[in-house]
J.: 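Would you mind keeping the following structure in view while I ask a few things?
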Amino acid sequence: MNPTRAIHHICVRLTSSARILAVLFLLAGCLSFTFLQRSISNTSPSPIALATDKLDFTPNEFYIADVRDERPNTKAIAFLVPTTPPGATPQAVDLEGGTANSIRKYIRASLAHNTQLRPVVMRLKEFKVTETMSLKGRVEGKMEYVVAFEVKREGQLLHLFEYKSGARYDRPAGQAAALEPTLRQAIAESLRYLHRWMALEVKHNEKLAREIKVTFEDFTQNNEPDTLFYDPNRPLNWSDFKGGPVTSGKFAAFIFPGLSSESYAVVKNGVIHVKVTLRVYTLRQLSKVRADSKTAYVLNHEQRHFDIVKLVAEHYKQRVQPQKLTLQDYDSMIKYQYLEALWELDQLQKQYDEETHHGLNHTAQERWNRKIQDELQSFM
């Protein structure tokens, strides 16, 4: 073989190998760049840390006792379009330490925390920022913020109101939005609104009341022709028996006494004032007496029936004292105790007639006279 041609053949083969290596190096570089680019675009954004504010108000009616995250999606607070490459899938980002914990920390650092005031719970219903690419190659953002405020009283949460706010923005595709001030402002404005709302509502809103007072009124205005209202200074007399004479049966006389209750509540300066009006009464048109039975003894027996209603009314008052009521259910408790009073009234009237044999047993009658009179005196 010609030595010159052999050398030329080898050089050609080396040159082809170099070309192949060059192509491989180029491909490797492209693959490495693509992998690096994907790694950068898939890197999750850092959590958002809320800065501390010095809010321009000091709560004097409440403190934030807790923040509860009740959003449909609690995994992230924002879904942001990455700055590179434009048009990529929005990436999830949360507040530092989690949404609820981050807001708790912000409030504790930015707002007075006086536990002697009313404890209020924040319930996050929605707090979300969503970004999408627009037709103009820019990014559009939307923030939604919904929070409910509830006051904690006697172990229960009472709904006060729901606060809603939102914001929209657009930005260049290659420039990240400054979200932290917007998120912080939304929280701060909701707290400021709560502060103003409390100042307006605290004096007359029943949910914010911290005390209950009960007063009683005994209705004694006897200006109705048929109804006689109980008055210790005006006992029964035979002119009140307008139902005509008893013509049959074993009773010498009878009356039909009853008890009614009416309550009204109003809130003044954070105190629930309940006024209960009691009416102890008997109906004249239903009261009858035999013509030959109009004696002091018979009238006394009927008066004691009337007195028993008065005693039950006093027992009822004792059961609806403020220390026995709750701010949440005072109205239903008062109504329940009224039903209990009617049951007691029925039982006492039956016991009285059974033991005295409707007044025929003079010894038992005298015993009941003393018992009723002594108890009436204790309420005077």
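Heavy atoms only: backbone and side chains are in, while hydrogens, waters and symmetry mates are out.
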J.: Using a strict threshold of under 4.0 Å (side-chain N to carboxylate O), is an ion pair present between R370 and D374?
T.: no
J.: In this structure, are over 12 heavy atoms from other groups packed under 6.0 Å from F379 atom CZ?
T.: yes
J.: Could you tell me if R279 sits above the aromatic ring of F219, with its cationic atom closer than 6.0 Å to the ring centre and no more than 45 degrees from the axis?
T.: yes
J.: Distance only, no hydrogens: is a donor on one side chain within 3.5 Å (strictly under) of an acceptor on the other, for Y316 and S261?
T.: yes
J.: Using the rule that Ile, Leu, Val, Met, Phe, Trp and Tyr join whenever any side-chain heavy atoms are under 4.5 Å apart, tell me whether L157 and M198 fall into a single cluster.
T.: no
J.: If you compare all heavy atoms of V246 against all heavy atoms of S248, which two are closest, and at what distance to 0.1 Å?
T.: CG1-O, 3.3 Å
J.: Could you give the distance from CG (L311) to CD (E344), rounded to the nearest 0.5 Å?
T.: 8.5 Å
J.: Salt bridge (Lys or Arg N to Asp or Glu O under 4.0 Å), that's the test. Do E140 and R168 meet it? Break it down for me.
T.: CA-CA 7 Å; E140 294 182 346; R168 291 181 180 273; over 6 Å; no
J.: Indicate yes or no: does D66 engage R68 in a salt bridge with an N to O separation below 4.0 Å.
T.: yes
J.: Where does the angle between the aromatic ring planes of F62 and H195 fall among parallel (under 30°), tilted (30 to 60°) and perpendicular (over 60°)?
T.: tilted
J.: Does K371 come within less than 4.0 Å of E375, counting only side-chain N to carboxylate O?
T.: no
J.: What distance do E162 atom CD and L160 atom CG have between them, rounded to the nearest 0.5 Å?
T.: 12.0 Å
J.: Determine whether the aromatic ring centres of residues F161 and F149 are separated by less than 6.0 angstrom.
T.: yes
J.: Measure the spacing between CG of L158 and CG of L208 and express it to the nearest 0.5 Å.
T.: 8.5 Å
J.: Taking only residues two or more places apart in sequence or in another chain, which ones pass side chain to side chain donor-acceptor pair (under 3.5 Å) with D69?
T.: R71
J.: Parallel, tilted or perpendicular: which describes the rings of Y63 and H113, with under 30° parallel and over 60° perpendicular?
T.: perpendicular
J.: Checking D170 against R138 for the salt bridge (Lys or Arg N to Asp or Glu O under 4.0 Å) test, could you report, in this order, the C-alpha distance in whole Å, the side-chain angles of both residues, the deciding distance, and whether it holds?
T.: CA-CA 7 Å; D170 72 77; R138 294 177 66 85; 2.8 Å; yes
J.: If the threshold is 4.0 Å, N to carboxylate O, is there a salt bridge linking D240 and R284?
T.: yes
J.: Take H301 and F251 through the ring pair (Phe, Tyr, Trp, His ring centres under 6.0 Å) test and state the conclusion after the steps.
T.: CA-CA 11 Å; H301 178 81; F251 303 124; 9.1 Å; no
J.: For the pair D218 and K317, find out whether any cationic side-chain nitrogen is under 4.0 Å from an anionic carboxylate oxygen.
T.: yes
J.: Tell me if the CD atom of Q303 is crowded by more than 12 foreign heavy atoms within 6.0 Å.
T.: yes
J.: For Q349, which residues count as a side chain to side chain donor-acceptor pair (under 3.5 Å) partner, sequence neighbours excluded?
T.: H305
J.: Can you pull the salt bridge (charged side-chain N to carboxylate O under 4.0 Å, His left out) pairs that have at least one residue in residues 151-160, sequence neighbours excluded?
T.: none
J.: Whether the D307 and Y230 side chains hold a donor-acceptor pair (N or O, under 3.5 Å, no angle test) is what I'd like checked.
T.: yes
J.: Under a 4.5 Å side-chain heavy-atom rule over Ile, Leu, Val, Met, Phe, Trp and Tyr, are V298 and I255 clustered together?
T.: yes
J.: Taking atom CD1 of I77 and atom CG of L124, what is their separation to the nearest 0.5 Å?
T.: 8.0 Å
J.: Would you give the length of the straight line joining atom CZ of R319 to atom CD1 of I334, rounded to the nearest 0.5 angstrom?
T.: 12.5 Å
J.: Looking at CG of D94 and OG1 of T99, how far apart are the two atoms once the value is rounded to the nearest 0.5 Å?
T.: 3.5 Å
J.: Could you tell me whether the side chains of R304 and Q365 share a donor-acceptor contact shorter than 3.5 Å?
T.: no
J.: Do you know which two heavy atoms are closest between M380 and L376, and how far apart they sit?
T.: CG-O, 3.2 Å
J.: Given salt bridge (Lys or Arg N to Asp or Glu O under 4.0 Å), test D56 with R192 step by step and report yes or no.
T.: CA-CA 9 Å; D56 58 354; R192 187 173 287 106; 2.9 Å; yes
J.: For residues V320 and L342: do they belong to one hydrophobic cluster (side chain heavy atoms under 4.5 Å, members Ile, Leu, Val, Met, Phe, Trp, Tyr)?
T.: yes
J.: Counting only heavy atoms not in R108, do more than 12 fall under 6.0 Å of its CZ?
T.: no
J.: Strictly by modelled atom types, are Y145 and Q185 linked by a side-chain donor-acceptor pair under 3.5 Å?
T.: no
J.: Closest approach of A176 and R171, non-hydrogen atoms and distance?
T.: C-CD, 3.9 Å
J.: A quick test of your reading: do over 12 heavy atoms of other residues, nucleotides or ligands sit less than 6.0 Å from NZ of K105?
T.: no
